[in-house]
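Heads up: the structure comes next, in structure tokens.
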Amino acid sequence: MVGANINYQFIDWAHDKIVNSGEDYNHIGTLSAKIFTPNITIGITDWWNITFSQVVGKRVMTWDVEDNITIHHRDEGSDSDFDNAIGGILGDSRIMLRFLALNAGKGPGLRLFIGGGIGIPSKNTLTQSPFLSDTEHRHFSMSEGIYKAIFETQFFVKRTNNPVFAGGTFSIEYPLGDSEYGYTGSRMVDFSLTAFSKKIKLINGSIGGNIMFRNTSKAHWNGIEAKNSKSTIIIPGVGALWSLGFATLSVNVQKPIFIDGAFSGGDGDSNENIDTWQISIGMRRILNYYIPWLYW
């Protein structure tokens with residue numbers, strides 16, 4: 001199976017003055033991200049598969065206080081180098097191995113996947129803490145620069161009545177070590193619930209709803225806490241699903257709500273105001289192809 005996800009996220013942010021840095025004015029701007037993630041899944045046996053994926057994209061910040069200069073923010077993108085950042089378009093890649101523990105086949109019933117893998121960083125990362133310098137610095141990059149262990153489980157139920165498809169996923173990402181620049185990443189926990197309806201004639205597809213709970217722990221630069229690392233977020237969303245014959249298309253709109261903490265591209269200062277929207281488009285195609293040496 002081959003597929004790809006296209007994600008767009010827009011963050012309208014503001015926070016109070018940073019008096020101790022001589023920036024005695026409110027900070028206002030935006031941070032957007034355009035991410036493309038192609039992937040391929042190979043069935044090793046009837047019960048095991050392996051997935052390879054690669055993040056490609058760009059994060060862009062705008063600074064909306066034209067009359068004031070700040071060392072923290074400016075109009076810039078993650079594709080360019082900066083004093084404390086190696087620019088580029090590559091994010092992390094992933095290798096995931098999954099086991100189909102329960103499978104009801106094509107009909108109604110239960111499906112359970114248990115999987116694990118590794119996240120592999122790119123070189124497009126921050127090279128110095130953005131919280132210790134009194135010179136110009138950047139707060140965001142395409143990769144955290146650390147290897148991560150990943151565990152996940154997916155449980156879904158297919159039914160004959162609405163919702164015909166429902167279930168949830170649980171995953172943990174845990175840093176395996178520091179980056180070469182002294183960054184210790186956060187442990188991230190995700191729990192999500194999803195449900196889809198029967199096919200609706202009006203749109204010739206299904207509609208659904210989803211909600212995700214995400215928690216990240218404290219991260220550190222050389223043993224000193226990164227102020228923008230710890231957070232708790234609820235992400236409700238609505239979406240639609242279409243079968244195009246040659247592939248399956250999904251569109252999902254989500255509204256992240258920060259319960260606690262800060263977003264990863266900001267300063268992590270108090271009284272931070274954040275308004276976030278994101279949209280994702282996914283496409284999947286099952287290939288009628290067998291790798292000969294896997295089935296000798």
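All residue numbers in this chain count up from 1 along the given sequence.
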Show me the donor-acceptor pairs, under 3.5 Å and distance only, between side chains in residues 28-42 and residues at least two apart or in other chains.
{"unit_1": "T30", "atom_1": "OG1", "unit_2": "T62", "atom_2": "OG1", "d": "2.5"}
{"unit_1": "T41", "atom_1": "OG1", "unit_2": "T51", "atom_2": "OG1", "d": "2.8"}

Listed pairs under 3.5 Å, donor-acceptor, residues 234-248 side chains, sequence neighbours left out:
{"unit_1": "W242", "atom_1": "NE1", "unit_2": "I203", "atom_2": "O", "d": "3.0"}

Side-chain atoms of residues 88-96: list all donor-acceptor pairs with protein atoms under 3.5 Å, sequence neighbours left out, distances to 0.1 Å.
{"unit_1": "D92", "atom_1": "OD1", "unit_2": "S143", "atom_2": "OG", "d": "2.6"}
{"unit_1": "R94", "atom_1": "NH2", "unit_2": "E173", "atom_2": "OE2", "d": "2.0"}

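Partners of D190 according to the side chain to side chain donor-acceptor pair (under 3.5 Å) rule, which considers only residues two or more places apart in sequence or in another chain, are R214. The side-chain contact (heavy atoms from CB on, under 4.5 Å) test applied to W277 returns V253, K255, D275, not counting sequence neighbours. By the side-chain contact (heavy atoms from CB on, under 4.5 Å) test, S80 pairs with R138, sequence neighbours left out. Every residue was checked against the salt bridge (charged side-chain N to carboxylate O under 4.0 Å, His left out) condition with R111, not counting sequence neighbours, and none meets it. With sequence neighbours excluded, the residues forming a salt bridge (charged side-chain N to carboxylate O under 4.0 Å, His left out) with K218 are E225, listed by chain and number. Applying the salt bridge (charged side-chain N to carboxylate O under 4.0 Å, His left out) criterion to R284, with sequence neighbours excluded, gives no partner residue. For A226, the side-chain contact (heavy atoms from CB on, under 4.5 Å) partners at least two apart in sequence or on another chain are F131, A219, W221, N228, S229. Take F82 and apply the ring pair (Phe, Tyr, Trp, His ring centres under 6.0 Å) test, not counting sequence neighbours, and it matches no residue.
Listed for the T276 side chain is no donor-acceptor partner under 3.5 Å among the backbone atoms of I11.
The heavy-atom pair separating G185 from P175 by the smallest distance is O-CG, 3.3 Å. The minimum heavy-atom distance between G177 and I146, with the atom names listed, is O-CG2, 3.6 Å.
Within 6.0 Å of the CZ atom in F155, the count of heavy atoms belonging to other residues, nucleotides or ligands exceeds 12. Other residues, nucleotides and ligands contribute more than 12 heavy atoms inside 6.0 Å of the CD1 atom of I200. Within a 6.0 Å radius of CD1 in I150, other residues, nucleotides and ligands contribute more than 12 heavy atoms.
Note on ring orientation: taking the six-membered ring where Trp is involved, the planes of F99 and W47 are tilted (angle from 30° to 60°). Note on ring orientation: taking the six-membered ring where Trp is involved, the planes of H137 and H139 are perpendicular (angle over 60°, cut-offs 30° and 60°).
Looking at T70 and W63, their side chains come closer than 4.5 Å, going by heavy atoms from C-beta outward.
Within the structure, salt bridge (Lys or Arg N to Asp or Glu O under 4.0 Å) pairs that include any residue of residues 48-58 comprise K58-D79 (at least two apart or interchain).
A chain of hydrophobic side-chain contacts below 4.5 Å, direct or via other Ile, Leu, Val, Met, Phe, Trp or Tyr residues, connects I50 to I120.
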